Amino acid sequence: MPELPEVEVTRRGLIAPLQGARIASVRIGKPLRWPLGIETAALAGRTITDVQRRGKYIVLALDQGVVLIHLGMSGSLQVSPMDAPAGPHDHFDLFTDQHLLRLHDPRRFGAVVWSPDTESGMAAKLLANLGVEPLGAGFSFEHLWAGLQKSRMPVKQLLLGGQVVVGVGNIYASEVLFLAGIAPTKPANQTTRPQARRLHAAIVEVLTRSIALGGSTLRDFVQVNGYAGAFQAQASVYGRAGAPCPRCGQPVQVIKQGQRSTYFCKRCQK
DNA sequence: AAAAGCCCCTGGATGC
DNA sequence: TGCATCCAGGGGCTTT
């Protein structure tokens with residue numbers, strides 16, 4: 001589910017309840033993708049100094065160590081009442097003196113991982129090889145252009161890979177390529193410079209707009225306050241196979257690329 | 001080295 | 001109603 005906008009919306013919602021808070025206790029449910037990497041009791045008493053994000057990871061900076069949280073396909077983080085009983089899909093609870101942060105993740109592709117810092121242990125491994133932040137200063141047109149030139153992969157799959165730019169997942173990859181007018185099957189190194197210009201602008205625009213709308217809610221995702229996102233209602237092509245293209249009226253196509261669905265307009269995207 | 005495929009897991013929608 | 005099949009916002013690991 002969660003792509004960069006959903007993770008960023010979540011991060012923003014966590015700052016007020018968590019920044020500066022002291023961890024009182026931690027409860028773990030069923031196993032997630034990886035073990036936590038530290039005894040839960042050892043986290044008690046530590047302070048959350050900052051709530052950051054890198055790609056699709058939430059990074060809780062502690063006074064000692066960091067906690068990476070990934071939402072996988074079906075995860076969401078909510079601040080819940082302290083006495084709310086844990087449901088069958090609530091697999092990680094972090095209690096501060098004032099709040100309960102709860103990870104709800106039916107499919108359990110998500111992860112919560114502790115490391116001494118972001119440069120060592122599991123965190124370093126997970127954060128290595130991530131591309132630049134699309135909404136940061138490092139995402140220049142020339143960076144995107146250079147990344148496109150180096151690969152013969154279909155441009156959609158290159159975006160999804162996250163080695164050039166992070167955070168563009170399956171929904172936003174289709175949306176961004178539609179907005180840029182680029183066929184998702186086009187080999188990355190065959191995109192023209194004008195196309196790459198449009199792609200660069202589209203990535204920034206679509207992600208920014210989605211964050212402003214609270215992200216996309218297809219099935220599981222909710223914001224920290226429990227509210228759904230609203231971006232999905234404005235999607236041009238994602239999930240709209242057979243519906244008219246908003247630009248030309250031709251039916252939206254769906255194909256499989258690397259076992260993931262891609263939506264696009266045959267007429268508008270070259 | 002790059003790229004393609006295979007899984008991890010659960011639940012909802014669809015079809016017979 | 002019941003059961004089988006397919007599909008889903010990700011991404012690490014293994015195989016070509």
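Reminder, nothing fancy here: chain letters follow the sequence lines and each chain counts from 1. Hydrogens, waters and symmetry mates are skipped; everything else that's a heavy atom, side chains included, is used. Only a predicted model underlies this, so the values are computations on that prediction, with no experimental measurement involved.
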Item to check | Whole-Å gap separating C1' (dA4(B)) and CG (L158(A)) | outcome: 14 Å
Checklist entry - Base, sugar-phosphate alone, or nothing: which one does Y238(A) contact when heavy atoms must sit under 4.0 Å apart? => result sugar-phosphate
Next on the checklist: Going by ring-ring contact (aromatic ring centres under 6.0 Å, His included), name the residues that satisfy it together with H99(A), two or more places apart in sequence or in a different chain.
Outcome noted: none
Checklist outcome for this item: From the list V26(A), V224(A), L94(A), D93(A), side chain to side chain contact (heavy atoms under 4.5 Å, CB included) with L101(A) holds only for L94(A)
Checklist entry - I69(A) has an atom CD1; how far is it from atom C1' of dG10(C), in whole Å? => result 16 Å
Next on the checklist: Going by purine N1 to pyrimidine N3 plus the second Watson-Crick contact, or the G-U wobble pair, all under 3.5 Å, which nucleotide sits opposite dC9(B)?
Outcome noted: none
Next on the checklist: Please report the distance, rounded to the nearest Å, between CZ in F221(A) and C1' in dA8(C).
Outcome noted: 16 Å
Checklist entry - So, is S151(A) close to the dA3(B) phosphate, meaning a side-chain N or O under 4.0 Å from OP1 or OP2? => result yes
Checklist entry - Using a cut-off of 4.0 Å on non-hydrogen atoms, how would the nucleic acid contact of Y57(A) be classed: base, sugar-phosphate, or nothing? => result sugar-phosphate
Checklist outcome for this item: Comparing nearest nucleotides in DNA chain C, the 5'-proximal residue of the pair R107(A), M122(A) is R107(A)
Item to check | Under-4.0 Å side-chain N/O to phosphate OP1/OP2 contact, H89(A) with dC9(B) | outcome: no
Next on the checklist: Can a side-chain donor-acceptor contact be found between K256(A) and S261(A) if the only test is distance below 3.5 angstrom?
Outcome noted: yes
Checklist entry - What interatomic distance, in whole Å, is found between P of dG5(B) and the corresponding atom of dC7(C)? => result 16 Å
Item to check | L71(A) CG - dG10(C) C1' separation (whole Å) | outcome: 10 Å
Checklist entry - Do other residues, nucleotides or ligands put more than 12 heavy atoms under 6.0 Å from the CD atom of Q98(A)? => result no
Item to check | Protein-nucleotide distance (L160(A), atom CG; dA3(B), atom P), rounded to Å | outcome: 14 Å
Item to check | Contacting residues from residues 26-36 of chain A, given that a heavy atom lies under 4.0 angstrom of DNA chain C | outcome: R33(A), W34(A)
Item to check | Test item: L4(A) and V168(A) side chains (from C-beta on) under 4.5 Å apart, heavy atoms | outcome: no
Next on the checklist: Any side-chain N or O of K125(A) below 4.0 angstrom from OP1/OP2 of dC13(C)?
Outcome noted: yes
Item to check | Row check, F109(A) ring normal vs R33(A) NZ/CZ: under 6.0 Å, within 45° | outcome: no
Item to check | Euclidean distance, atom CG of residue D105(A) to atom P of dC8(B) [Å, nearest integer] | outcome: 16 Å
Checklist entry - Atom CZ of F109(A) and atom C1' of dC7(C): how far apart are they, to the nearest Å? => result 12 Å
Item to check | Short side-chain donor-acceptor distance under 3.5 Å, T49(A) and D63(A) | outcome: no
Checklist entry - Does anything in residues 252-261 of chain A reach DNA chain C, meaning a heavy atom under 4.0 Å, and if so which residues? => result K256(A), R260(A), S261(A)
Checklist entry - Is there a donor-acceptor contact under 3.5 Å linking the side chains of Q19(A) and D50(A)? => result yes
Checklist entry - Do R108(A) and dC9(B) have a side chain to base donor-acceptor pair shorter than 3.5 Å? => result no
Checklist outcome for this item: Taken to the nearest whole Å, CD/Q163(A) to P/dA3(B) is 10 Å
Checklist entry - After noting the C-alpha distance and the side-chain angles of Y238(A) and Y172(A), does the key distance pass the ring-ring contact (aromatic ring centres under 6.0 Å, His included) rule? => result CA-CA 8 Å; Y238(A) 183 84; Y172(A) 300 109; 8.6 Å; no
Item to check | Worked verdict on H91(A) versus D105(A) for side-chain hydrogen bond (donor to acceptor under 3.5 Å, both in side chains) | outcome: CA-CA 7 Å; H91(A) 301 304; D105(A) 185 7; over 6 Å; no
Item to check | dA3(B) base / R152(A) side chain donor-acceptor hit below 3.5 Å | outcome: no
Checklist entry - Distance between the P atoms of dC6(B) and dC6(C), in whole angstroms? => result 14 Å
